[in-house]
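Heads up: the structure comes next, in structure tokens.
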Amino acid sequence: VQLQASGGGLVQPGGSLRLSCVAHGVSANTYTIGWFRQAPGKEREGVSCIANSDGRASYADSVKARFTISRDNAKNMYLQMNSLKPEDTAVYYCGVVMFEWMITGGPRCSGSDVSYWGEGTQVTVSS
């Protein structure tokens with residue numbers, strides 16, 4: 001499995017970015033794919049995940065109503081990030097979890113479950 005992420009960059013507070021991740025080699029239908037981020041001096045955290053089988057999504061409280069995750073049938077996954085804040089600055093990684101563990105209406109989104117990681121893409125929110 002190979003994951004290829006793109007779309008990071010520098011944006012002013014209140015701006016938007018769209019991250020993309022292409023998953024190559026995932027043959028299963030039931031899996032979770034999502035975005036995780038790591039800021040300097042902090043642990044990696046789950047940002048948003050989506051269940052491939054039915055599209056149910058979960059979000060970290062800090063990004064709800066600002067970020068939207070989606071995926072298409074071609075193994076592409078996207079994260080639309082709006083109303084960006086300086087605290088969103090981090091390296092963002094896409095990751096694949098080879099199961100779907102539904103909690104509170106969406107998939108569990110924990111880095112400890114990830115089987116495959118893509119390379120990170122830097123997102124910097126600064127004026």
When rounded to the nearest 0.5 Å, the distance separating CD of Q4 from CG of N76 is 10.0 Å
Sorted by chain and residue number, the salt bridge (Lys or Arg N to Asp or Glu O under 4.0 Å) partners of R18 (sequence neighbours excluded) come out as none
For S70, the side chain to side chain contact (heavy atoms under 4.5 Å, CB included) test, sequence neighbours excluded, returns Y78
> Under 3.5 Å, side chain of K75 to main-chain N/O of V26, donor-acceptor pair present?
Replying inline: yes
- Item | 4.5 Å side-chain heavy-atom contact, Y59 and S48 | yes
Hits for salt bridge (Lys or Arg N to Asp or Glu O under 4.0 Å) against D88, two or more places apart or cross-chain, chain-then-number order -> R37, R66
Of all heavy-atom pairs linking G46 and A60, the shortest is O-CB, 3.5 Å
Q) Should the heavy atoms of other residues, nucleotides or ligands under 6.0 Å from CD of E43 be counted, would the total exceed 12? A) no
- Can you find a pair of side-chain heavy atoms, one from S126 and one from L10, that are under 4.5 Å apart? yes
One should read off an interatomic distance between H24 NE2 and Q2 CD, to the nearest 0.5 angstrom, of 7.0 Å
Apart from V22 itself, members of its ILVMFWY cluster (side-chain separation under 4.5 Å) are none
Hey, does V47 have a side-chain heavy atom less than 4.5 Å from the side chain of F67?
yes
Residues at least two apart in sequence or cross-chain that pass side-chain hydrogen bond (donor to acceptor under 3.5 Å, both in side chains) with K64, listed by chain then number, are D61
Salt bridge (Lys or Arg N to Asp or Glu O under 4.0 Å) filter on R44, not counting sequence neighbours, yields none
d(L84 CG, T89 OG1) to nearest 0.5 Å is 8.5 Å
The side-chain hydrogen bond (donor to acceptor under 3.5 Å, both in side chains) partners of S110 (sequence neighbours excluded) come to S112
| query | Is there side-chain contact between W35 and V63, with heavy atoms separated by less than 4.5 Å? | reply | no
Here the gap from R71 atom CZ to C21 atom SG, rounded to the nearest 0.5 Å, amounts to 14.0 Å
Sorted by chain and residue number, the side-chain hydrogen bond (donor to acceptor under 3.5 Å, both in side chains) partners of Q122 (sequence neighbours excluded) come out as T124
Residues at least two apart in sequence or cross-chain that pass side chain to side chain contact (heavy atoms under 4.5 Å, CB included) with V123, listed by chain then number, are L17, L19, M81, Y92, V125
Salt bridge (Lys or Arg N to Asp or Glu O under 4.0 Å) filter on E119, not counting sequence neighbours, yields none
Show the atom names and distances, to 0.1 Å, of all donor-acceptor pairs under 3.5 Å that link a side chain in residues 93-105 to residues at least two apart or in another chain.
unit_1: E100; atom_1: OE1; unit_2: S53; atom_2: OG; d: 2.6
unit_1: E100; atom_1: OE2; unit_2: Y31; atom_2: N; d: 3.3
unit_1: E100; atom_1: OE2; unit_2: N52; atom_2: N; d: 3.2
unit_1: E100; atom_1: OE2; unit_2: S53; atom_2: N; d: 2.9
unit_1: E100; atom_1: OE2; unit_2: S53; atom_2: OG; d: 3.0

Nearest heavy-atom approach of P107 to A51 is CG-N, 3.7 Å
Stepwise side chain to side chain contact (heavy atoms under 4.5 Å, CB included) test for D113 and R108: CA-CA 9 Å; D113 296 335; R108 172 174 144 122; 2.6 Å; yes
Give a yes or no on whether V91 and V11 share a hydrophobic cluster (residues Ile, Leu, Val, Met, Phe, Trp, Tyr; joining criterion: side-chain heavy atoms under 4.5 Å apart).
-> no
Check your understanding: Are any of the side-chain heavy atoms of R56 and I50 separated by less than 4.5 Å?
Key -> no
Hits for side chain to side chain contact (heavy atoms under 4.5 Å, CB included) against S127, two or more places apart or cross-chain, chain-then-number order -> P13
message: Are F36 and L79 linked, directly or through intermediate hydrophobic residues, by side-chain heavy-atom contacts shorter than 4.5 Å (ILVMFWY only)?
response: no
